[in-house]
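Please read the structure below before turning to the comments.
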Amino acid sequence: MNHPPVLLVIAHGSRDPRHAATVQALVRRVGALRPGLRVETAFLDFNLPSVTGVLDRLAAEGVRDVVALPLLLTRAFHAKADVPAVLRQAPASLRIRQAEVLGPSPLLIAAVERRLYEAGLAPGDKSATGVVLASAGSTDPEAIAVIAETARELRRTGWCSVRPAFASAVIAGGVPRTEDAVGALRAEPGVRRVAVAPYVIAPGRLPDRIAAGAAEADVLADVLGPSPELARLLLARYDGAALAAERVTAAAV
């Protein structure tokens with residue numbers, strides 16, 4: 001009997017215990033959506049289990065196929081360097097396929113809107129509400145471009161205005177800090193309220209900085225967390241990687 005590849009969700013990790021708890025809640029939701037799929041969680045830093053620890057355990061159990069899914073919204077340094085580096089340390093008996101990162105995706109737009117509505121907004125508020133799409137931040141040009149495009153896609157759903165912002169101290173590509181984006185939206189014609197939507201998966205130091213930067217906003221949404229849309233997106237990325245692996249195997253036969 002052929003078993004489907006194990007899904008290994010690789011999160012960044014954080015000293016903040018809320019981070020790991022949120023990741024585990026998301027993974028449980030993924031498992032509930034697909035009961036026959038084995039889903040494992042590992043962290044690049046700060047938290048256990050480590051990626052190498054999980055891979056060693058899977059190999060010892062006789063697992064052959066793994067889809068490694070970076071729990072990342074953009075293809076920045078972690079996706080391009082850190083994750084491939086740690087996967088290269090895996091036991092030779094494992095066949096590992098690295099899945100695509102989560103963004104961009106319409107499901108992420110839907111998850112952002114879900115959090116905004118849960119924070120008290122309604123679809124009828126869109127035309128008078130400016131939204132700050134606040135991400136952790138990056139110096140990677142590809143990641144910056146994806147965040148900007150995601151803000152444009154969110155704007156196309158009907159919000160009065162959407163501006164991207166970064167929480168990190170390193171500001172690149174002309175992207176403002178959260179508090180500066182809030183102030184800029186206040187000055188825009190037609191904007192009667194300002195909402196901040198954290199474009200991050202789990203709580204931690206940088207999401208807390210986003211919340212601090214939202215002090216002058218009218219609405220602060222929650223992080224994406226274990227939203228149904230995010231869980232569905234993880235499965236979509238898993239399916240894409242698993243299907244690609246099947247095609248490669250079939251072509252080699």
Side-chain angles (χ1 to χ4, degrees), residues 1-14 16-75 78-79 82-108 110-111 114-115 200-204 222-249:
M1 178 180 178
N2 290 328
H3 295 282
V6 171
L7 169 56
L8 175 60
V9 178
I10 301 177
H12 182 272
S14 171
D16 189 321
R18 297 173 298 167
H19 176 91
T22 300
V23 171
Q24 296 291 1
L26 173 60
V27 170
R28 285 194 298 271
R29 173 157 257 171
V30 171
L33 287 175
R34 192 170 297 180
L37 176 64
R38 180 173 177 179
V39 187
E40 298 279 349
T41 310
F43 298 90
L44 289 172
D45 205 356
F46 302 116
N47 302 105
L48 293 174
S50 67
V51 179
T52 53
V54 173
L55 292 174
D56 287 346
R57 173 167 54 81
L58 291 175
E61 293 176 11
V63 170
R64 295 296 304 277
D65 295 296
V66 176
V67 168
L69 197 163
L71 195 62
L72 302 167
L73 297 175
T74 61
R75 287 190 73 253
H78 294 307
D82 288 345
V83 172
V86 75
L87 293 180
R88 285 194 291 270
Q89 302 173 35
S93 62
L94 291 176
R95 292 188 294 253
I96 301 176
R97 168 76 62 166
Q98 182 175 330
E100 295 292 334
V101 297
L102 300 179
S105 169
L107 285 169
L108 288 172
R114 172 186 289 275
R115 295 305 188 218
V200 293
I201 293 171
D222 200 357
V223 298
L224 300 177
S227 64
E229 295 84 3
L230 202 56
R232 287 164 50 204
L233 180 55
L234 262 66
L235 287 173
R237 293 291 186 256
Y238 167 83
D239 289 340
L243 180 59
E246 287 179 9
R247 288 173 175 165
V248 169
T249 302

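Since the model is a prediction, treat every value here as computed from it, not as a measurement. Below, each value reflects all heavy atoms present in this structure, side chains not excepted, and no hydrogens, waters or symmetry copies.
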Quiz prompt | Which residues share a side-chain hydrogen bond (donor to acceptor under 3.5 Å, both in side chains) with R237, sequence neighbours left out | solution = none
Practice problem: Over all heavy atoms of both residues, which pair between G53 and S50 is shortest? Give the atoms and the distance, please. | Solution: N-OG, 3.0 Å
Exercise. Would you give the length of the straight line joining atom CD of E100 to atom CG of L233, rounded to the nearest 0.5 angstrom?
Key: 11.5 Å
Self-check item: Contact summary for S14 and N47, nearest pair of heavy atoms
Solution: N-OD1, 2.8 Å
Quiz item: Which atoms form the tightest heavy-atom contact between R75 and A79, and what is the distance?
Solution: CA-CB, 4.0 Å
Quiz item: Is there a side-chain contact between L71 and L26 (heavy atoms, below 4.5 Å)?
Solution: yes
Exercise. Not counting sequence neighbours, which residues clear side-chain hydrogen bond (donor to acceptor under 3.5 Å, both in side chains) with R232? List them please.
Key: none
Practice problem: Find the distance between CD1 (I10) and CG (L44) and round it off to the nearest 0.5 Å. | Solution: 6.5 Å
Quiz item: How far apart are the closest heavy atoms of D56 and P91, and which atoms are they?
Solution: OD1-CG, 3.4 Å
Self-check item: CA sep, side-chain torsions, deciding dist, call: L234, L102, side chain to side chain contact (heavy atoms under 4.5 Å, CB included)
Solution: CA-CA 7 Å; L234 262 66; L102 300 179; 3.6 Å; yes
Exercise. Go through the structure and list residues passing side-chain contact (heavy atoms from CB on, under 4.5 Å) with S227, not counting sequence neighbours.
Key: A111, R114, R115, E229, L230
Quiz item: Mind checking whether I96 and L8 have side chains closer than 4.5 Å, heavy atoms only?
Solution: no
Quiz item: Do you know the tightest heavy-atom contact between G103 and L108?
Solution: CA-CD1, 3.5 Å
Quiz item: Under 4.5 Å between any side-chain heavy atoms of L37 and Y238, yes or no?
Solution: yes
Practice problem: May I ask you to test the L87-V66 pair for a side-chain heavy-atom distance under 4.5 Å? | Solution: no
Quiz item: Which residues satisfy the side-chain hydrogen bond (donor to acceptor under 3.5 Å, both in side chains) test with H12, sequence neighbours excluded?
Solution: H78
Quiz prompt | A21: partners by side-chain contact (heavy atoms from CB on, under 4.5 Å), with sequence neighbours left out | solution = none
Exercise. Quick one: which residue pairs count as a salt bridge (Lys or Arg N to Asp or Glu O under 4.0 Å) with a foot in residues 18-27, not counting sequence neighbours?
Key: D16-R18, R18-D208
Exercise. Please identify each residue that fulfils side-chain hydrogen bond (donor to acceptor under 3.5 Å, both in side chains) with S93, with sequence neighbours left out.
Key: none
Practice problem: Quick one: list whatever passes side-chain contact (heavy atoms from CB on, under 4.5 Å) with P106, sequence neighbours left out. | Solution: none
Quiz item: Taking only residues two or more places apart in sequence or in another chain, which ones pass salt bridge (charged side-chain N to carboxylate O under 4.0 Å, His left out) with D65?
Solution: R95
Practice problem: Could you name each residue pair satisfying side-chain hydrogen bond (donor to acceptor under 3.5 Å, both in side chains) that touches residues 28-38, not counting sequence neighbours? | Solution: R34-D239, R38-E40, R38-E61
Quiz item: What pairs with T41 under side-chain contact (heavy atoms from CB on, under 4.5 Å), at least two apart in sequence or on another chain?
Solution: V23, Q24, V27, F43
Self-check item: Minimum heavy-atom distance between G225 and T22, given as atom pair plus value
Solution: CA-CG2, 3.7 Å
